[in-house]
Amino acid sequence: MIRTRFAPSPTGYLHIGGVRTALFNWLFARGQGGQFILRIDDTDQQRNVDEALQPILDGLKWLGIDWDEGPIVGGPYAPYYQSQRLQRYQDAVQKLLASGHAYYDYATTEELQAEREAAEREKRPFRYSRRFMAQTAEQRTKFEAEGRQAVVRLKMPTQGTLVLDDLVRGRVEFEWAREQDHVVQRTDGTCLYHLANVVDDHDFQITHVIRAEEHLSNTPRQVFIIEALGYPRPAYAHLPFVAEPGSRNKLSKRKLDKYLKNRDFAQLVEHGRTIAEAIGHSTDADSFNPVIVDFYRTVGYLPEAIINYMALLGWSLDDKTEHFSRQELIEKFSLERVVKSPASFDPKKLQAFEDRHFQLLPQQQKIELTTPFLEKVGLVKSPPTADEQRMIDAVVAAARDRIKVAGDILAFPDFFLKDEELPYDEAAFEKCLRAGEGRALLSSFRERLAAVESFDVDQLEAAMKQFVADQQIKIGQIIHPVRVALTGKSVGLGLFDTLAILGRERSLRRIDRALARA
RNA sequence: GGCCCCGUCGUCUAGAGGCCUAGGACACUGGCCUUUCACGCCGGCAACACGGGUUCGAAUCCCGUCGGGGUCACCA
């Protein structure tokens, strides 16, 4: 049984790079009929773990990355929180000590630092001398009599080579002599990450460790612990980083200011901000940031689109297939086709996937996704009345591909506003209704509209064509004034759709109001 | 700095010695469609980091150089 895991720290947010790691683990497990485990790498010092964990759990859930064991769902190897497994780690340390794979070390930070500096001066690689290593009870007593405190260090091999067959990187070799005697237990008795990590992976029966490349250099010490403890070695797959837009640096939450200088990135944020502000969602950089998954949920992106895009950041099926459903990804994903080089995050391409996935949605689903945004800003009641619902349906249908994320529905508020409260884009109003003959044409077209037999798209269009022919004008001369009168704006849905949705009464009322104002 | 990883259009990638005068997608751009916006359609721009080998033949193999990144904690 293949078992993979994702092990986030409760940091309060789900990072986009973390999503990619979680996704690959999840896809691999699901595709192989295996299991995906969520383990929480918290430490006992951390407070508010639940609070800091919730956004991560929510984010994963929203993306549809579900876990077979872990927080909330539990599982046979519980607990899944590192902070509750300290005893396991300490037992492991005792085993390492007993078998001679680790030792108590009484060096102080200063003494270690001195050795390090000496090595630096002599331009040789640093390796701890083990001067304060205690392997017997007498030695321990002696050091302790000097008031020293012990950490536990790994007693790493001094020769030989570790050969790692990484599933994405291939054969990677490390010389043991270059590895340090890493600390696995602090003076206060708590254990360090690498030890905990190895013990947990073993306890949870993880078969494939799929993680970011930054852990590649850490693997030798983990392998050492694994072997010292007599555990089976899991398969490793080290994923390339998700890099910043336009660079090879690791994507970071903290560098939003810098990314904002990237035009595409700025556009993504700007678009999102418009929607977030409308619905009264905080837009401060700490929580509202495209590096954090919550951003996309707030603005109304589709999880499928994010998943599709993220999957292609470092993986491909072939030379042409790009659009994948979740199920297709599960079926087609393989570690063999993960690329080795880092992939930079491209906001424009993400948007392209969003556009496409949203386009393909059935009308009903678009309605369900967009309605909450109208409710949040109070343009419709919650839940909408029957009339409002009809209006939503009509607007979503007429909007066609203009809605790319669910929040885009807010670009068409005019239909939901009272006729007498419609605001006008002054520049557009001036140009279309006050300058030239816009007002006069509108006034005369108003009578045609009043007389149209049935207020549907076909008849409205016919009426306008007739009007244009009679007046010997170009269609633009009348269309734009009508649009501004109806919506207050110079851009929007198809004009005949707009008229039909508003209906005769409201359309005429809006036109009259604009005429009176012009 | 030591060690490790990586290096094909601006970006994501295809490419496992001849199918490559390097393919697809996004972006950009010219045009068409059109009542605005959006969609859609047609076209264009644009890359094998560099230098040596090996070979009849190299983006693909080897060596070196350069560049980028990661890692070297009593962080995770």
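Given the structure is predicted, the values throughout are model-derived calculations rather than measurements. Sequence lines set the chain letters: A, B, ... in the order given, protein chains first and strands last, and positions in each chain run from 1. Note that these values count all heavy atoms, side chains included, but never hydrogens, waters or copies made by symmetry.
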(message) Can you list everything that forms a ring-ring contact (aromatic ring centres under 6.0 Å, His included) with A:Tyr424? Sequence neighbours excluded, please.
(response) A:Phe429
Using a heavy-atom cut-off of 4.0 Å across all strands, would you classify [X] as base, sugar-phosphate, or nothing?
X	value
A:Arg337	sugar-phosphate
A:Glu175	nothing
A:Phe174	sugar-phosphate
A:Val482	nothing

When you compare [N] with [M], how far apart are their [atom1] atoms, in angstrom units rounded to a whole number?
N	M	atom1	value
B:rG24	B:rA47	C1'	14 Å
B:rU29	B:rA38	P	12 Å
B:rA14	B:rG23	P	15 Å
B:rU11	B:rG68	P	15 Å
B:rU54	B:rC62	P	15 Å

(request) For A:Ile501 and A:Ala394, work out which heavy atoms get closest and say how close. (result) CD1-O, 3.7 Å
(message) If I compare all heavy atoms of A:Leu167 with all of A:Ala235, which pair ends up nearest, and what's the gap?
(response)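 Smallest interatomic distance, heavy atoms only, reads CD2-CB, 3.9 Å.
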(request) Go along nucleotides 63-74 of chain B 5' to 3' and tag each nucleotide: B for a protein heavy atom under 4.0 Å from its base, S when only backbone or sugar atoms are that close, - otherwise. (result) -----SSBS-SB
(message) Both conditions, 6.0 Å and 45 degrees, for the charged tip of A:Arg130 above the ring of A:Phe132: are they met here?
(response) no
(message) Could you tell me if A:Lys253 sits above the aromatic ring of A:Tyr13, with its cationic atom closer than 6.0 Å to the ring centre and no more than 45 degrees from the axis?
(response) yes
(request) Answer with yes or no whether A:Lys320 presents, from its side chain, a donor or acceptor under 3.5 Å of a partner atom in the base of B:rA14. (result)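 Looking at the base of B:rA14, it does not pair with any donor or acceptor on the side chain of A:Lys320 (distance under 3.5 Å).
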(message) Please pick, from B:rC12, B:rC6, B:rA76, the nucleotide with the shortest atom-to-atom distance to any side-chain atom of A:Gln82.
(response) B:rA76
(request) Select one nucleotide: of B:rC4, B:rC28, B:rA76, the one nearest the side-chain heavy atoms of A:Val172. (result)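 In terms of side-chain proximity for A:Val172, the closest of B:rC4, B:rC28, B:rA76 is B:rC4.
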Pairs under 3.5 Å (N/O, protein and nucleotides 37-44 of chain B):
| residue | atom | partner | partner atom | Å |
| --- | --- | --- | --- | --- |
| B:rC37 | O2 | A:Arg402 | NH1 | 2.6 |
| B:rC37 | N3 | A:Arg402 | NH1 | 2.3 |
| B:rA38 | O3' | A:Lys404 | NZ | 3.4 |
| B:rA38 | O2' | A:Asp401 | O | 3.2 |
| B:rC39 | O3' | A:Gln359 | NE2 | 3.3 |
| B:rC39 | O2' | A:Asp401 | OD2 | 2.5 |

Listed pairs under 3.5 Å, donor-acceptor, residues 395-413 of chain A side chains, sequence neighbours left out:
| residue | atom | partner | partner atom | Å |
| --- | --- | --- | --- | --- |
| A:Arg402 | NE | A:Ala399 | O | 3.2 |
| A:Arg402 | NH1 | A:Gly492 | O | 3.4 |
| A:Asp408 | OD1 | A:His271 | NE2 | 2.7 |
| A:Asp408 | OD2 | A:Lys404 | N | 2.9 |
| A:Asp408 | OD2 | A:Val405 | N | 3.0 |

(request) Just jot down the side-chain contact (heavy atoms from CB on, under 4.5 Å) partners of A:Val151, sequence neighbours excluded, or say none. (result) A:Asp105, A:Arg153, A:Val183, A:Thr187
(message) Tell me which residues in residues 159-171 of chain A lie within less than 4.0 Å of RNA chain B, going by non-hydrogen atoms.
(response) A:Arg169
(request) Strictly below 4.0 Å, heavy-atom distances to any atom of RNA chain B: list the hits from residues 457-479 of chain A, or just say none. (result) A:Ile475, A:Ile479
Any residue meeting salt bridge (charged side-chain N to carboxylate O under 4.0 Å, His left out) with [X], in chain and number order, not counting sequence neighbours:
X	answer
A:Glu461	A:Lys465
A:Asp201	A:Arg5, A:Arg39
A:Glu120	none

(request) Quick one: list whatever passes side-chain hydrogen bond (donor to acceptor under 3.5 Å, both in side chains) with A:Arg171, sequence neighbours left out. (result) A:Glu173
(message) Run the side-chain hydrogen bond (donor to acceptor under 3.5 Å, both in side chains) test against A:Asp203 and tell me which residues pass, sequence neighbours left out.
(response)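 Only A:Arg85, A:Arg88 meet the side-chain hydrogen bond (donor to acceptor under 3.5 Å, both in side chains) criterion with A:Asp203.
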(message) Are A:Phe224 and A:His101, when compared by the centres of their aromatic rings, separated by less than 6.0 Å?
(response) yes
(request) Would you kindly compare A:Arg178 and A:Leu495 by the position of their nearest RNA chain B nucleotide and give the one closer to the 5′ end? (result) A:Arg178
